[in-house]
Amino acid sequence: MTRMLQRLLGPVTLASLALTAWLGLWVTPPDRVQGDLARLVYVHPALAWVALYLSFGTATIASVLYLWPRTRSVTADRVAVSAMEVSLVFILLTLATGSIWGRPTWGVWWAWDARLTSTAILGVFALAYLALRRANDDPTQRARRGAVFAILTAINVPIIHFSVLWWKTLHQGASVLTSTGQLNVHGSMLWTMLIGFVGFTLLFFWLLRERYRLEVKRDRLVASTVDEALAQRRREGV
Amino acid sequence: MIRVAGRVARKDLLIEWRSRVLLWQVVPFGAMALLLAGLALGPTRAGSSGAGPGLYYLVMVLVTLLAAQRSAQVERAAGTRASVATLGLDPAGVFLGKALALCVELWAIGLVLGAGTVLFLHTALRAALVASPSIAATLAALAAAGTLYGALTTGDGSAATLLPVLALPGFSPLLIAGERSFSAAAAGGATGSWWVITLVALVVYLAAGVVLYGVLEDA
């Protein structure tokens with residue numbers, strides 16, 4: 001059952017993203033105010049959901065599991081690094097699609113908006129996490145320090161969010177659900193958005209799985225290289 | 001824990017007092033950075049734009065990086081970690097002690113650079129005095145954060161370049177909150193909401209340090 005689901009993950013992801021593209025570009029009508037520019041709404045919020053909540057959340061939970069002695073395992077560490085790397089890709093895509101929307105709407109590629117600024121800071125956090133891991137050769141030290149930094153990043157997220165929100169914001173409010181619980185988007189637009197969310201969520205899990213496999217292979221390669229070097233030293237009689 | 005914190009803070013401050021590294025290297029760096037900031041703005045804007053609070057915090061963030069680097073470096077000396085482990089010192093106490101020492105150092109440097117901001121960037125002395133409690137709280141939060149990020153790079157060959165990458169994103173909300181408080185004080189406005197950011201960050205970093213510093217020492 002699990003194996004079948006894993007096999008289906010790639011094709012279903014591709015199909016849902018293709019469906020989002022078709023609905024978003026050809027089926028849904030242009031927006032009354034923003035015209036074709038509004039089609040970015042089928043992509044941008046879904047990318048942000050994966051970048052800021054799903055992948056960062058996964059990395060944080062995996063890091064907590066790694067630091068907790070009862071649940072400590074190399075699997076948790078591999079999931080954390082894989083999720084953080086995927087998060088960085090999605091953060092960059094979120095910023096790029098936000099800028100493409102911002103140029104005609106605000107007149108500039110970059111505005112000192114709360115969400116833009118806090119997303120960019122989170123991107124630097126993700127970069128720093130990967131830099132920290134590259135700086136440590138010892139696997140245990142690398143995993144522990146990475147886990148601590150991921151948790152520090154997670155507890156920083158609300159502080160950064162509120163600081164930049166109070167500082168200045170231009171970003172539009174909630175597009176789908178208002179604070180009163182009323183739906184703001186309807187019809188084919190809403191369905192396209194929902195399929196986009198499903199598609200990008202599946203893409204996250206597919207990328208996470210592939211990146212995890214790479215991490216396993218990398219660990220095996222490092223272990224075999226060390227074994228080979230030790231065997232060679234033995235042959236040399238050292 | 002409190003006793004260990006007091007002893008570690010005393011040890012770190014004594015090291016700084018004897019070596020005078022902060023006095024002869026970090027303070028001149030901060031003063032020069034403040035002057036360069038004024039030069040970058042130009043003669044007109046540097047004196048009248050109200051940029052003083054922002055530039056003060058920008059320089060203090062850079063100074064914090066140097067001071068946190070120095071504080072973590074002290075723990076890198078040969079045998080220090082082994083001694084700490086042998087003595088069975090409470091890691092939470094070590095963290096609090098190091099954060100306290102760094103905080104005292106930042107307060108001292110902040111005082112000097114605050115005077116520089118009033119003198120060179122024409123920020124009103126009254127505004128600096130009104131903002132001084134928020135400056136003290138922001139520098140305390142920077143010290144706690146700096147100690148924690150410094151510990152993440154302890155024993156690493158590339159610590160000098162790694163620390164800024166790790167710490168600067170974490171410092172950003174403190175820079176915003178500190179600058180807003182200082183600017184509000186200069187304009188005679190209320191600073192209430194910005195205090196929340198500073199105090200929450202301070203409590204969060206202290207709590208995280210107490211819980212996680214031991215994990216970093218083990219690593």
Side-chain angles (χ1 to χ4, degrees), chain A residues 56 60 63-64 66-69 72 77 84 88 91 112-114 116-169, chain B residues 54 138 141 144-145 147-181 183-184 191-209 211-219:
Chain A
F56 244 101
T60 307
S63 298
V64 171
Y66 182 82
L67 285 183
W68 195 257
R72 180 167 300 157
D77 180 50
M84 198 61 98
L88 180 61
I91 285 173
W112 289 101
D113 165 64
L116 246 76
T117 311
S118 52
T119 306
I121 292 171
L122 277 180
V124 181
F125 262 123
L127 268 175
Y129 174 88
L130 298 176
L132 177 66
R133 290 189 69 96
R134 287 184 71 88
N136 287 281
D137 291 330
D138 177 47
T140 311
Q141 191 182 59
R142 183 171 58 215
R144 283 199 182 188
R145 289 185 175 183
V148 169
F149 188 69
I151 293 168
L152 282 180
T153 301
I155 57 179
N156 253 305
V157 169
I159 300 175
I160 293 170
H161 177 75
F162 282 109
S163 64
V164 286
L165 193 72
W166 290 350
W167 182 57
K168 186 187 180 185
T169 195
Chain B
T138 309
T147 306
L148 205 45
Y149 288 117
L152 277 168
T153 62
T154 305
D156 189 76
S158 55
T161 44
L162 188 59
L163 180 62
V165 180
L166 299 183
L168 287 178
F171 288 171
S172 55
L174 290 167
L175 183 136
I176 293 173
E179 187 275 330
R180 289 285 82 199
S181 281
S183 291
T191 61
S193 59
W194 297 108
W195 269 96
V196 178
I197 299 277
T198 306
L199 293 178
V200 166
L202 176 62
V203 171
V204 161
Y205 273 113
L206 285 176
V211 175
L212 297 172
Y213 195 78
V215 177
L216 293 174
E217 282 206 329
D218 288 346

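What you see is a predicted model, and the numbers here were worked out from it, not measured in a lab.
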Practice item. Tell me, with the steps shown, if Thr140(A) and Asp138(A) meet side chain to side chain contact (heavy atoms under 4.5 Å, CB included). Key: CA-CA 6 Å; Thr140(A) 311; Asp138(A) 177 47; 3.9 Å; yes

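When the candidates Gly170(B), Ala145(B), Ala167(B) are compared by the number of heavy-atom contacts under 4.5 Å with chain A, Gly170(B) comes out ahead. Of the listed residues (Thr153(A), Leu122(A), Leu152(A)), the greatest number of heavy-atom pairs within a distance under 4.5 Å of chain B belongs to Leu152(A). Chain A forms the most heavy-atom pairs under 4.5 Å with one residue out of Leu212(B), Val165(B), Leu166(B), and that residue is Leu166(B).
Using a cut-off of 4.0 Å between Lys/Arg side-chain N and Asp/Glu carboxylate O, Asp77(A) and Arg133(A) are scored as salt-bridged.
Residue Leu168(B) does not touch chain A at all, counting heavy-atom pairs closer than 4.5 Å.
If you take CD on Gln141(A) and CG on Leu132(A), they are separated by 9.0 Å, rounding to the nearest 0.5 Å.
Listed for the Ser183(B) side chain is no donor-acceptor partner under 3.5 Å among the backbone atoms of Arg180(B).
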